[in-house]
Each structure stands twice: as structure tokens, then as C-alpha cells.
Amino acid sequence: MSKEITSREEDYSQWYNDLILKGGLADYSAVRGCMVIKPYGYAIWENMRDQLDKMFKDTGHENAYFPLFVPKSLFEAEEKNAEGFAKECAVVTHYRLKTDPDNKGKLIVDPEAKLDEELVVRPTSEAIIWNTYKGWIQSYRDLPLLINQWANVVRWEMRTRLFLRTAEFLWQEGHTAHATRDEAVDETVQMLNVYATFAEEFMAMPVIKGIKSANERFAGAEDTYCIEALMQDGKALQAGTSHFLGQNFAKAFDVKFADKENKLDYVWATSWGVSTRLIGALVMAHSDDQGLVLPPKLAPIQVVIVPIFKGAEQKNLIDDKVKVLQQQLKAAGIKVKYDDNDNNRPGWKFAEYEMKGVPVRIAIGARDIASNVVEVARRDTKEKASMSIDGLAENIIKLLADIQSAIYNKAKGFRDEHITNADNWDEFIQLLDTKTGFIAAHWDGTPETEEKIKELTKATIRCIPLDNKMEDGKCILTGNKSSQRVLFARAY
RNA sequence: CGGGAUGUAGCGUAGCCCGGUUAUCGCGCCUGGUUUGGGACCAGGAGGUCGCAAGUUCGAAUCUUGCCAUCCCGACCA
């Protein structure tokens with residue numbers, strides 16, 4: 001059949017693409033590096049967004065919206081940030097087209113319509129937001145300022161991959177301002193914890209909370225905290241970041257506040273974000289060679305009901321029964337779909353919903369109704385069981401919870417299996433090339449050493465785990481003294 | 001952006017080297033019927049800017065050039 005999926009074994013990249021395309025999450029578009037997010041994929045994003053938005057609001061944040069365009073002069077105000085993003089910015093230079101006098105029916109950029117100042121299409125919004133905050137903050141009474149925005153950003157990446165790295169992507173970016181350093185650091189860590197909780201409890205994806213080395217730090221940040229996940233091919237994926245920005249942006253945009261003693265000081269800042277990349281992470285974390293495996297808490301469809309019948313009479317009988325069941329399941333808060341489309345037979349539907357990663361499938365036929373049961377199949381293990389129609393909703397709720405924790409445990413088992421200590425260079429190389437995953441190794445703490453290791457192996461320091469224990473050792477490359485292990489991996 | 005590969009109907013493809021009637025086949029799609037417990041079957045039918053643009057030629061899916069997109073490997077990537 002045309003919907004066959006390339007196996008992970010055969011070609012991991014192709015497997016990933018197949019899942020996205022054939023699972024109906026997204027499609028390529030006519031625009032280089034930009035994808036179309038299809039309804040099924042967007043529904044996952046909506047579920048992620050709704051949950052995260054709730055968590056942001058529960059921690060005191062409000063949503064706002066800032067412009068897509070950033071005047072170049074503002075963009076360059078915070079030097080490090082500007083430098084970091086300069087190479088991947090789309091820039092608007094003109095505001096008008098006109099008909100081509102030499103080529104009928106075609107348009108050209110009107111050279112008369114050149115902008116005095118170029119507009120940068122935001123790759124991130126610190127600049128425009130901090131320029132705005134300047135007008136909003138005068139006193140400690142205006143702080144903290146806790147704002148989030150849901151937006152699209154553009155980063156002109158050289159090589160793109162569906163969801164993992166696209167030229168335009170959807171994300172949220174929180175931007176907060178605080179009166180003290182400590183409060184800003186607390187906020188940074190708090191939001192990192194929100195991300196970690198979301199990843200583990202909703203995406204069923206275990207993550208390591210850590211801090212980035214100087215090389216991997218966000219341009220313009222003092223510290224970048226991150227959650228790192230491990231994909232099934234042994235490569236790491238940065239799933240979310242939370243930055244402590246110090247007073248860098250306050251100084252760049254001259255945002256000062258008066259404290260209780262009427263003393264002026266620059267405010268302290270954070271920014272934090274996750275993007276549609278999370279969908280890529282979700283896909284790679286759990287799926288198998290038959291298709292997507294989605295965690296029940298984020299699945300657009302949690303339960304699909306497939307009727308099996310001979311003739312219209314049986315179909316009517318099943319319809320009546322399903323109508324009741326559907327109401328019960330919906331009342332129990334379950335997202336349920338009844339697929340009684342007559343174009344496809346049950347076997348086709350089974351395969352289709354497996355590919356789409358629907359966590360639970362219920363098959364119901366005349367003989368089931370006769371014995372007051374349904375056949376319940378779970379996507380993660382492919383196990384099938386007969387379940388009584390009485391109290392079905394309660395049992396399905398339990399099953400969905402089971403699946404949620406089962407796929408988390410499976411992913412966590414894999415992840416934990418793939419954190420390995422390396423005590424010298426040979427071991428390090430060996431592990432990178434055979435076992436893959438996170439490698440915990442001593443590092444002398446210098447950017448030069450990290451850079452060298454990256455050159456030699458393509459492995460980078462993913463993070464220094466927050467709960468790291470101190471331990472004397474020697475750097476695997478230089479042999480210099482080290483006080484703790486850091487996590488290396490090849491990464492997306 | 002450099003190296004390699006690819007682009008023919010919604011998907012997968014034959015034809016291209018060696019230019020020549022109406023562009024091949026399978027899946028899917030539409031109509032009708034029979035079916036339905038793991039990707040159904042029969043009959044009829046629709047669907048094509050051969051990625052786009054220029055060029056060579058009496059004639060281009062086929063040859064040439066440029067461009068666009070995708071994939072793989074690099075470089076790049078908070």
C-alpha cells in the first residue's frame with residue numbers, strides 16, 4: 001500500500017518524515033523551509049498550547065501580542081543578541097510592488113518604495129518587547145511584569161526539517177521583568193520546571209533539566225536553562241529553554257525603575273520559550289514502525305470506535321449502541337470519534353488509526369453487543385482485550401491513564417539506559433559511535449575544549465544537569481581538573 | 001551555502017541514454033452494485049502546465065541553460 005512507513009532501522013530520517021506526512025500532521029509547502037501544519041498536527045499543537053497557556057496563567061502570566069517586525073535600529077540594540085541572530089534574519093526592505101512595464105502580468109519590487117529603515121522579521125522578540133517595556137516600567141510597583149505571547153517567528157535556517165527546524169515556526173515566548181536578580185533567577189527556574197512538568201506529564205517524555213555551557217547559551221543571556229530529551233536514534237533534542245537575561249536588555253533599552261528608596265536601577269529579565277518543535281519531539285519519542293504513538297493527554301482523538309457489521313440491520317443496532325457509549329465517553333471527558341464511514345472496511349481503519357497514533361480503538365459488532373462487550377485495543381502495546389459495556393467509560397479512563405504512564409516509562413527506560421559514563425577519550429568515542437545517547441563525562445570547563453570536542457566528534461554539551469553531584473575527575477580531552485560530569489550528545 | 005541524488009495525475013511509478021501518433025501501470029478518486037472481526041471485489045468513468053522558465057529543433061517528458069523544491073552528506077543552528 002502507498003501508506004507504508006519506512007522502518008527506523010532502514011532509514012530513521014525517512015521514518016520520521018513518513019510519520020509526519022502519512023500521519024497527516026504536516027505537509028511541505030511552496031515556500032522554502034516552511035511547512036503547512038495540517039488539521040491533525042495543528043490539533044496536537046492546540047492541545048499543547050492550551051495546557052501550557054493554563055500553566056503560564058496559573059503562574060501569574062498574561063498574554064499580549066507584539067509586532068512581527070522589528071526596526072533594525074532596535075534589533076541591534078542588544079549587541080550579543082543581534083549578533084547571534086543576524087545570520088538568519090529575513091529583512092523587509094520595501095513596502096510596495098508594481099506591475100512590470102517590461103513583462104505584462106508580472107510584478108516587480110517598486111524601487112521607489114524602499115524603506116528608510118529596514119524591518120527585521122522577528123527571530124525572537126526581546127528587542128521590540130524591551131523597547132516597549134521601557135514605557136511601561138517606572139517604579140518597583142510596576143514589577144514584576146509577567147507577559148507571554150503566542151506568535152510565529154522566522155529564522156532563515158540553511159537546512160530545515162519538518163517541525164524540528166523550519167524557517168517559520170509557531171511558539172510562545174515569555175518575557176518578564178523583575179526588581180531583583182534573585183526574583184528573575186527564580187522565575188527562570190520556575191518556567192523551566194513548568195516546561196519539564198509539561199514534557200513529562202503531558203508529552204510523556206522524560207527530560208533532563210540543566211544549564212547550558214557558554215557556547216550553547218542564548219545570545220544575550222547570562223544563563224540558559226534547558227530541558228533536554230533523548231530521541232529513539234540516540235540523538236538529543238533541546239525541547240525548551242528558559243533564559244536568565246540579567247540586566248542586559250534593560251541596559252540596552254534603558255529600562256530603569258525606582259525602588260522603595262527612590263533609587264534607580266535597571267530591571268532584571270527572563271525569557272523562555274517552546275515551539276512547534278515539541279511536536280517533532282513527541283513524534284520521535286514514542287512512535288514505532290507502524291506509525292505515530294501519541295500520549296492520551298495530547299492526542300486529538302483519544303478513542304476511536306469502529307463498527308463491524310453485516311447489513312443495514314446490524315449497522316443500525318450498532319449505531320444505537322454506539323450513540324449511548326459515545327455520550328458516556330464524552331461525558332467522562334474523553335475525546336471520542338465514531339468512524340462509521342462506509343468507504344473503508346474495518347481492517348483499513350485499524351491500520352489508519354494505528355498510523356495516526358490514536359491511543360485506544362474500540363471495535364464493536366453484533367456479536368459483541370450480544371454478549372455486552374466491546375473489543376478494546378491499545379496503540380502502544382497493540383494488546384487487545386474484551387471489555388464489558390457496563391462501566392466502559394471508567395475503564396477507558398483508567399486505560400488511557402495506563403497508556404500515558406506506560407509510554408512515559410518506556411521512554412524513560414530507554415533514556416535512562418542511554419546515559420552512560422565515559423572516563424576517557426577512547427570510551428567517549430566508542431560510546432558516541434555505538435551506544436549513542438547522553439554521555440556523562442568530565443570536562444575542564446573551557447569553551448575551547450568544548451569546541452574542540454565538537455569539531456572532533458560532533459557531540460556538544462547538552463547541559464550541566466541541575467541536580468548534578470560534584471565529583472573530582474579529569475577532562476576526557478585535556479586531562480585537566482574537573483569537578484563534575486556534564487552531558488554530551490549528538491543533537492538535533 | 002558546497003557536494004550528491006531526485007522531481008511524470010492525490011501517492012508510487014514506466015518511458016528519458018538513442019527527440020517522432022492519443023504519456024505506461026498500480027494504488028487512490030467518482031458512479032453503480034456486492035461487501036465489512038486486520039489495509040475487500042466487480043463493472044464503468046474522471047483526472048496530466050511531464051517541477052518552472054528560456055533555448056536548440058519541422059517536432060521536446062526526452063537534448064542544453066537558468067531557476068524552484070525535496071531528500072542525503074557537510075557547513076550553519078539560542
Side-chain angles (χ1 to χ4, degrees), chain A residues 1-6 11-18 21-22 24 27-35 78 80-89 103 106 123-126 153 155-162 164-167 169 171 173 212-226 237-243 245 271-275 277 290-291 306-312 314-315 318 339-355 361-369 373-375 377 382 384 386 454-455 458 460 463 491-492:
Chain A
M1 299 298 288
S2 64
K3 285 216 164 177
E4 211 127 300
I5 291 166
T6 308
D11 184 342
Y12 190 86
S13 297
Q14 192 54 50
W15 168 77
Y16 174 77
N17 287 332
D18 282 353
L21 298 170
K22 292 174 181 173
D27 228 332
Y28 294 112
S29 76
V31 191
R32 179 189 200 100
C34 297
M35 65 177 178
E78 208 294 324
K80 280 188 184 153
N81 187 252
E83 251 178 54
F85 285 103
K87 293 188 297 292
E88 48 189 302
C89 287
N103 203 346
K106 302 288 183 184
T124 180
S125 300
E126 275 80 2
V153 288
R155 297 180 185 178
W156 215 264
E157 301 287 355
M158 289 182 184
R159 193 169 154 197
T160 57
R161 300 197 63 188
L162 293 168
L164 294 176
R165 184 175 290 111
T166 46
F169 56 92
W171 79 345
E173 46 183 328
K212 287 289 188 189
S213 65
N215 284 3
E216 300 278 321
R217 190 179 293 151
F218 178 73
E222 274 193 26
D223 269 320
T224 288
Y225 293 72
C226 62
L237 182 80
Q238 178 179 299
T241 47
S242 183
H243 314 292
L245 301 173
S271 69
W272 27 274
V274 295
S275 71
R277 174 180 246 208
Q290 277 68 52
V306 177
I308 294 156
F309 56 92
K310 290 186 172 68
Q314 286 193 0
K315 175 66 169 40
I318 294 166
D339 185 355
D340 65 341
N341 185 333
D342 196 31
N343 295 336
N344 300 309
R345 292 163 36 120
W348 189 92
K349 291 175 187 172
F350 293 173
E352 180 69 10
Y353 290 107
E354 275 166 17
M355 183 158 62
R361 179 186 74 230
I362 294 176
I364 179 165
R367 75 179 188 215
D368 297 307
I369 292 177
V373 296
V374 290
E375 181 194 80
K382 309 267 178 56
K384 290 188 218 176
S386 197
K454 185 180 173 185
E455 262 173 51
K458 288 183 213 154
T460 50
C463 70
Y492 278 97

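Being a predicted model, the structure only gives us computed values, none of them experimental. So that the names make sense, note that chain A is the first sequence line, chain B the second, and so on, each numbered from 1.
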Using only side-chain N and O atoms of A:K382, determine if any of them is under 4.0 Å from OP1 or OP2 of B:rG38.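 No, A:K382 has no side-chain N/O under 4.0 Å of OP1/OP2 on B:rG38.
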Just the dot-bracket of RNA chain B, please: which string comes out with Watson-Crick or G-U pairs under 3.5 Å, [ ] for crossing, | for another strand? (((((((..(((.......[....))).((((((.....)))))).....(((((..]....))))))))))))....
Is it true that A:R361 and A:E354 have a side-chain N and a carboxylate O under 4.0 angstrom from each other? yes
What does A:D342 touch in the nucleic acid at a heavy-atom separation under 4.0 angstrom: a base, only the sugar-phosphate, or nothing?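 Base contact.
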Work out how far the [atom1] atom of [N] is from that of [M], and round it to whole angstrom.
N      : M      : atom1 : value
B:rG28 : B:rG39 : C1'   : 13 Å
B:rU56 : B:rG19 : C1'   : 11 Å
B:rC41 : B:rG48 : C1'   : 28 Å

Measure the spacing between CZ of A:F309 and CD1 of A:I369 and express it to the nearest 0.5 Å.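 Between A:F309 CZ and A:I369 CD1, I get 12.0 Å after rounding to 0.5 Å.
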Return the set of residues passing salt bridge (Lys or Arg N to Asp or Glu O under 4.0 Å) with A:D11 (not counting sequence neighbours), or none when no residue passes. none
Under the side chain to side chain contact (heavy atoms under 4.5 Å, CB included) test, residues paired with A:Y12 that sit two or more places apart: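 In terms of side chain to side chain contact (heavy atoms under 4.5 Å, CB included), with neighbours along the sequence ignored, A:Y12 is linked to A:R8, A:W15, A:M231, A:Q232, A:D233, A:M284, A:Y492.
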A:P346: which residues meet the side chain to side chain contact (heavy atoms under 4.5 Å, CB included) condition with it, sequence neighbours left out?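 With neighbours one apart ignored, the set is A:V306, A:I308, A:F350.
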Classify the side chain of [X] versus the base of [N] as yes if they form a donor-acceptor pair under 3.5 Å and no if they do not.
X      : N      : answer
A:E354 : B:rG39 : no
A:K384 : B:rG37 : no
A:N344 : B:rG39 : no
A:R345 : B:rG37 : no

Taking for each residue the nucleotide of RNA chain B bearing the nearest heavy atom, is the 5' side occupied by A:V374 or by A:F218?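 So the residue in question is A:V374.
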Go nucleotide by nucleotide along RNA chain B from the 5' end; which of A:R277 and A:F350 gets its closest nucleotide reached first?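 Residue closer to the 5' terminus by nearest nucleotide: A:F350.
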Distances for protein N or O near nucleotides 69-71 of chain B N or O, under 3.5 Å:
unit_1, atom_1, unit_2, atom_2, d
B:rA69, OP2, A:R32, NH1, 2.5
B:rU70, OP1, A:G33, N, 3.1
B:rU70, O3', A:Y28, OH, 3.4
B:rC71, OP1, A:Y28, OH, 3.1

Please list, pair by pair, any protein nitrogen or oxygen found under 3.5 Å from a nitrogen or oxygen in nucleotides 46-53 of chain B.
none

